[in-house]
Participant: 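Encoded as structure tokens, here's the structure I'll be asking about.
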Amino acid sequence: MAVCVAVIAKENYPLYIRSVPTENELKFHYMVHTSLDVVDEKISAMGKALVDQRELYLGLLYPTEDYKVYGYVTNSKVKFVMVVDASNTALRDNEIRSMFRKLHNSYTDVMCNPFYDPGDRIQSSRAFDGMVTSMMIQVC
Amino acid sequence: MEAAASGGCGSGPPLLLSEGEQQCYSELFARCAGAAGGGPVSGPPEASRAAPGAATAASGPVADLFRASQLPAETLHQITELCGAKRVGYFGPTQFYVALKLIAAAQSGLPVGIESIKCELPLPRFMMSKTDAEIRFGNMAELHGTKVQIPYLITEKNTFKRMDDEDKQETQSPTMSPLASPPSSPPHYQRVPLSHGYSKLRKSMEQMHPAPYEARQPLVQPEGPSLGGPGAKPLRHQASLIRSFSVERELQDNNSSYPDEPWRITEEQREYYVNQFRSLQPDPSSFISGSVAKNFFTKSKLSIPELSYIWELSDADCDGALSLPEFCAAFHLIVARKNGYPLPEGLPPTLQPEYLQAAFPKPKWECALFDSYSESVPANQQPRDLNRMEKLSIKDMADFPVPTQDVTGDDKQALKSATDEALPKDMSEDSATPKDSNSLKARPRSRSYSSTSIEEAMKRGEDPPTPPPRPQKTHSRASSLDLNKVFQPSVPASKSGLLPPPPALPPRPCPSQSEQASEAELHPQLNRAPSQAAESSPAKKDIPYSQPPSKPIRRKFRPENQATESQEPTTAVGGPASVATVKPHPTVQKQSSKQKKAIQTAIRKNKEANAVLARLNSELQQQLKEVHQERIALENQLEQLRPVTVL
């Protein structure tokens, strides 16, 4: 279960960012932002020749003492970043992958909507919101 | 009963009760007494005092009942006083009956007094709460007793008529019971029974009116009054809107004649939708593409988020195109929304594509073409394109510094509202084009199309104005960098590869093209060492900076620009070079072939610039990491020092 989910556009601005409501949500925003560097590093490390073979799932980007940050990038350089609680040791890599896959599918569905302008914030899609809510930790 | 009543109360007036009244009052009394579990109780205003012997009505239910009569508080106080409850301190049968009689008198408009109860009066009327109604309703019907009335706004005038309708209601309530079932469907269908009732009222079937509300009242009561009022008005209002959207009024009435299924498509509606589909797409078995559908549905003048939600609901397979059943579902949702129905949470079963396919066979296409929409659809698109072109050309003609400053002003505000430090290039591009064209939403994304059309080139020409504010945002991100230090060539060797500035600045397609040539020579030295290869194009980009007269705003941001611009790898790069070559000419038409060549050179230059910027980007990110580590180190120090410092 994620604590924070963010969709970052190719130009490194957020299309969608949502975190579990806590007292200091800004720190999640900051973590996502700093993780963008790591994402770019991983992308560039693959080399240009391997663009097609590059895997979309980037894995653990970097751990902090409280949280772990996972990344996923699409072929159009749209990045998904997910922050999970580090104490949640039961969360396996496969689960993270499936969560990213769901995110990707929902994102493509949003893209298919002609009323959605690519590059806009994703704020009108209830299906997307519902999917993200299902992935986040349920905080009463 | 009368004897007992008159004997029981010492100072009470002699009470003459008719048969019906007797029955009703005793019923009510029994209820009030029963509701409290019997036992002595006091009248409403007094503290409790045990009443000897006779059963008394509990004050709680009595108070509720009196309040349900909808009389003002002072009247109720008067009544309780008159009936003797205040005096004796409790509601005995006598007092209760007198009170009821007085309530009836008050409701009939007679003054509250002993004299008034001497004459023949109608039964008092009470508005019941939900639970009370359930208790009382069954018995009321049998006894023909106190009528349960819903104070519906429109039917206020019917209250007195209802006496006469009492008998009729008995026969009608069974027939109305089917209407009771719809309200059990999800709450947002509440509007349906109400609209049904309202439409019936419009058709002046007033006698039917009270009964359906009565029948539904137990279920609908809480929502009834609140929805009734607003429900009535939006229906009328939206009906006129529908006409403007050229949906027939009869379709709406037909819709409302299915009270349990506002989402069911009638035959006429289906015909209409299919014809519309045909006007957009001749082949009934293929799809309407997203953009075509978008243009079409935008004409309905619903807001974009609502249209987006309707699309989400109706495009079941999420393929970005609408098949015939999906199109009908979407159209129907739009019609419903325009009529004031709230959009459902999920696609109703009657609008599912499989259902629609099965329910209605494929229609036979007729030869006749459809009128307004088929012609208006292409007609609308053309004027939109023309508008855009005109706007762009007008922009060209205008003095460039002026619009850019305006746009930069807009941009600053737009950017300030952005939460993230990353540069919203899209936002800048968007605000470059006229704000009202955003609402059209029909313009293609310039980035994704590599068209050689004139408007695209002109659009790129507009990109340049926007960037200036951006540096402001990026500056905050790189604020920890001492930019001045960075720029100096004496900066440590580690940063030698770094360039202060290749400013990917959007080219100013300014009138002062002549200056560009001269300044192009100046700048190469100022700027970058490493990027020799792309010197010519970056130089052109630098030019905008160094034009003080035309860009006072820019000048302020220049140092930041130079450092931070590099962080935008793809900033409107398409614009600059192409603009440099494209003359800001008011009459664009005669340059199409020239522009094709220009665009090709622009593409080449863009690629070069991209490479340069990517390199710069990585270098700057290195820097960022180092700064980040410094920050962490500083924070650690702070942590260590914190307990020591005295606050």
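Side chains included, hydrogens not; waters and symmetry mates left out as well; all remaining heavy atoms used. Proteins come first, then strands; the chains are lettered A, B, ... in the order of their sequence lines, and each starts at number 1.
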Participant: Return the minimal non-hydrogen interatomic distance between B:Glu312 and A:Asn113, and the atom names on each side.
Facilitator: N-ND2, 4.2 Å
Participant: Nearest 0.5 Å, please: how far is CG in A:Asp40 from CG in B:Asn617?
Facilitator: 6.5 Å
Participant: Please report the shortest heavy-atom distance between B:Trp311 and A:Cys112, naming the atom on each side.
Facilitator: NE1-O, 4.0 Å
Participant: Rounded to the nearest 0.5 Å, how far does CD of B:Gln621 lie from CG of A:Leu36?
Facilitator: 9.0 Å
Participant: For the residue pair B:Glu345 and A:Arg126, establish whether any side-chain heavy-atom pair is separated by less than 4.5 Å.
Facilitator: yes
Participant: Mind ranking B:Pro305, B:Cys318, B:Ser618, B:Gly290 by heavy-atom pairs under 4.5 Å with chain A and telling me who comes out on top?
Facilitator: B:Cys318
Participant: Within this structure, what is the CG-OG distance for the pair A:Asp117 and B:Ser308, rounded to the nearest 0.5 Å?
Facilitator: 11.0 Å
Participant: Heavy-atom distances under 4.5 Å only: say whether A:Thr108 touches chain B with side chain, backbone, both or neither.
Facilitator: neither
Participant: Please report the interatomic distance CD(B:Gln622) to CG(A:Asp37), rounded to the nearest 0.5 Å.
Facilitator: 10.0 Å
